[in-house]
There are 2 protein chains.
Amino acid sequence: MDLDERKKKILLAIIKTYLDTGEPVGSRTISKIEDLNLSSATIRNEMADLVDMGYIIQPHTSAGRIPSDKGYRFYVDQLMAEKEQQVEERERETDEMRGMLIEKADKMERLLKQVARSLSANTNYAAMISAPRYNMNRLKFIQLSRMEAERIVAVIVLEGNMIKNQIIDIDEPIDDETLLKLNMLLNTTLNGMAIEDISLAVIAKMKQQAGEQAGIIAEVIDAVAESIKADEDLEIYTSGANNIFKYPELADNERASGIITAFEEKKQLTDLVYETLSHSDEKGIQVYIGEEAPVENMKDCSVVTATYELDEGIHGTIGIIGPKRMDYDKVLSTIKKLTSELDDMFKKS
Amino acid sequence: MDLDERKKKILLAIIKTYLDTGEPVGSRTISKIEDLNLSSATIRNEMADLVDMGYIIQPHTSAGRIPSDKGYRFYVDQLMAEKEQQVEERERETDEMRGMLIEKADKMERLLKQVARSLSANTNYAAMISAPRYNMNRLKFIQLSRMEAERIVAVIVLEGNMIKNQIIDIDEPIDDETLLKLNMLLNTTLNGMAIEDISLAVIAKMKQQAGEQAGIIAEVIDAVAESIKADEDLEIYTSGANNIFKYPELADNERASGIITAFEEKKQLTDLVYETLSHSDEKGIQVYIGEEAPVENMKDCSVVTATYELDEGIHGTIGIIGPKRMDYDKVLSTIKKLTSELDDMFKKS
DNA sequence: GTTAGCACTCTAACGAGGCGAGTGCTAACA
DNA sequence: TGTTAGCACTCGCCTCGTTAGAGTGCTAAC
């Protein structure tokens, strides 16, 4: 059997109606609304076919139909294709969404939180955003300073001006000269290096070059190396998790508990971010419907993610989690708008 | 009417039974369990009195009784008094709770997260912990380093080894000598100063002392001053928010949504922390029952908080949020154990 | 002051019945 | 051959009445 033009129209009508009402939609409803004038009986026949083909489901014999994951997938693909076309006109529209314009925030953290909040408030779904991830991270600058006699603070600046600190306790006092030498050694050796390339061999070589006072220097080098290597886990900010309670199909204890846990533990969101980033070259926006989601606790949700670019090779992810019957149209626009706004903002600054 | 000895016993029996079962407790149950052998009829009479006095409530005419907020308050006060006595023996007990011993964590953040997780896992309630707050924060050390020609990174170390970074873009290149001078100026003037005391006057004086190159130096000083002043908002880590779904009286949409929001937004938790810190001199452990909680969304919960001390004047708060019928006994022990463990850990290091 | 006994109250659980939405199928129609 | 009208049927949901059980409040006796 084949998805002819009429079946497509009917399918889309069913899905749209369901998105509106949240209730199973019957044949009569469609027969009335639709521009192709058909009786409910005809619609019923077509619906039966659509059920056979797996696009829709009837919860029980005498209820209307609701979209299956496959149905949603069809709808979303359709929608994305349309968006692709419209993108140029849209871009030039004066947008009413300016309300969500992000005020200038001095700190990245605050900005990200604000974005998440804006996103959840605008869509009524749960939102998340990951701090930008440095793909090929290079070392830009290292500075050791003596804090107290036997305590050094190391400041490590990475490409993208991300800063790490490390306090190093040493066994014996270190004199200014040694400290200076150490600073030079570290900077000449490591600056511009990708973190992945800082191997044991490199570290060993540095220790060797240290010559005298090898003991204390080795101590410091090890501490610095460790600090560089330690990749902190991805910062993720969330907002509007409580929105899930607005959708009865997600608000039962078990599901809600799962989603809340995912939002609190962040572990699963981290997976989601990596998944998205690994696909980011393809398209920009990803839609996961139900089982498609790479996250266990979101099998009953739809997840929409997108990648934003802060700078060459520095990416982050924003995402929306909601019920399968989410307003995909609005979500796609919002998320598209927001990513481009983010991109602009970073490029400007 | 007066709360005589027998009434107290009965009241405590009711509350304990209710904590166990979570269901309204009837007169027969008490008459059987209790050591003071009384018939259910007598118990009923006493219960009627207790209702009049406001310690217990009957949900409807023919159900058992459940404790009121006032009843819980009585119970908790009783319990805290007992604890006070036992504290010495307890302290010496070999504790079975060693399972929750915190593994050595290199980073404060990780430690705090771990504590929160341990707390929620051990109690089956929702847990939170605030990062330590520096009451009278003093400046320990400042270091400016040149990153690029017109870009400086300032590292500011506060008492308690809390570190702040700030990247400063300047208008014209700065030479080594000026940088050195600036470093000395900042350190001699500011080291050991409480942040509250860094007034405009102090800053003005520094600018004046700068002499030549006043322009560039003023720029840097302002940036540093601003960075010092900017008090980041309290970091709060949470864990086990999903535990609330284990308690039907909290798991309905409205309540759950409220609690989840409080946990996600952190704003209300921040209030809670400040409230606790402001009382921290009194006792150590605070119990808020129902309406007593300083947080709107937790009117149906009980909240137990305690203060831990990282160092003189540096405090943080840990807290547990659960249903009113929480196992106060266990929670109090757990939280007491944990704070003292935290105190020890910090004092050691 | 305590207890036994009894009528009363209230909730939760169950099942029957009716309603309404919607289906699937058949037969007729263009 | 595709479309439609008509009709019997299914099924979830709501309401209502009934029942069982737990627990009370009160009275009268000890």
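Below, each value reflects all heavy atoms present in this structure, side chains not excepted, and no hydrogens, waters or symmetry copies. Computed from a predicted structure; not experimentally measured. Chain A is the first sequence line, chain B the second, and so forth, proteins listed ahead of strands; every chain is numbered from 1.
For A/E249 and A/R325, the salt-bridge test passes: some basic side-chain N is under 4.0 Å from an acidic carboxylate O. The pair B/D69-B/R73 does not count as a salt bridge, with every side-chain nitrogen at least 4.0 angstrom from each carboxylate oxygen. A salt bridge links B/D49 to B/K7: at least one charged side-chain nitrogen sits closer than 4.0 Å to a carboxylate oxygen.
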Let me see the working for A/Y288 and A/V295 under side-chain contact (heavy atoms from CB on, under 4.5 Å), right down to the final yes or no. CA-CA 10 Å; A/Y288 304 95; A/V295 173; over 6 Å; no
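Taking atom CD1 of residue B/I57 and atom P of nucleotide D/dT24, one finds them 15 Å apart after rounding to whole Å. In this entry the distance linking NZ of B/K32 with P of D/dA22 reads 10 Å, nearest Å. A straight line from CG of B/L50 to C1' of D/dT24 spans 15 Å, rounded to a whole angstrom. For B/M47 and D/dG23, the CE to C1' distance is 10 Å, given to the nearest whole Å. Taking atom CD of B/E23 as the reference point, atom C1' of D/dG23 lies 13 Å away to the nearest angstrom. C/dT2 atom P lies 10 Å from atom CG of B/D4, rounded to whole Å. Atom P of nucleotide D/dG23 and atom CD1 of B/I30 are separated by 11 Å, given to the nearest angstrom. Atom CD1 in B/I43 sits about 16 Å away from atom P in C/dG1, given to the nearest Å.
A side-chain donor from one of A/S239 and A/S120 sits under 3.5 Å from a side-chain acceptor of the other. Defined by atom type and a distance below 3.5 Å, a donor-acceptor pair is present between the side-chain atoms of A/E264 and B/T238. Defined by atom type and a distance below 3.5 Å, a donor-acceptor pair is present between the side-chain atoms of B/S302 and B/Y328.
Note that CE of B/M53 is 6.5 Å distant from NZ of B/K70, once rounded to the nearest 0.5 Å.
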Distances for protein N/O vs nucleotides 3-9 of chain D N/O pairs under 3.5 angstrom?
from  : atom 1 : to    : atom 2 : distance (Å)
D/dT3 : OP1    : A/R6  : NH1    : 2.6
D/dT3 : OP2    : A/R6  : NH1    : 3.3
D/dT3 : OP2    : A/R6  : NH2    : 3.0
D/dT4 : OP2    : A/S39 : N      : 3.2
D/dT4 : OP2    : A/T42 : OG1    : 2.6
D/dG6 : O6     : A/R44 : NH2    : 3.2

So which protein nitrogen or oxygen atoms get under 3.5 Å of nucleotides 8-14 of chain C's nitrogens or oxygens?
from   : atom 1 : to    : atom 2 : distance (Å)
C/dT9  : O2     : B/S62 : OG     : 3.0
C/dC10 : OP1    : B/T61 : OG1    : 3.4
C/dC10 : O2     : B/S62 : OG     : 3.3

Secondary structure string for DNA chain D (Watson-Crick or G-U under 3.5 angstrom, | for other-strand pairs): ||||||||||||||||||||||||||||||
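Ring geometry for A/F74 against A/Y55 counts as perpendicular: the plane angle is over 60°, on a 0 to 90° scale with 30° as the lower cut.
Under a cut-off of 6.0 angstrom, the local environment of NZ in A/K267 is sparse, with at most 12 non-hydrogen atoms contributed by other residues, nucleotides or ligands. Heavy atoms of other residues, nucleotides or ligands lying less than 6.0 angstrom from NZ of B/K9 number 12 at most.
Side-chain N/O atoms of B/R65 include one lying less than 4.0 angstrom from OP1 or OP2 on D/dT24. Within the structure, every side-chain polar atom (N or O) of A/Q58 is placed at least 4.0 Å from both OP1 and OP2 of D/dC11.
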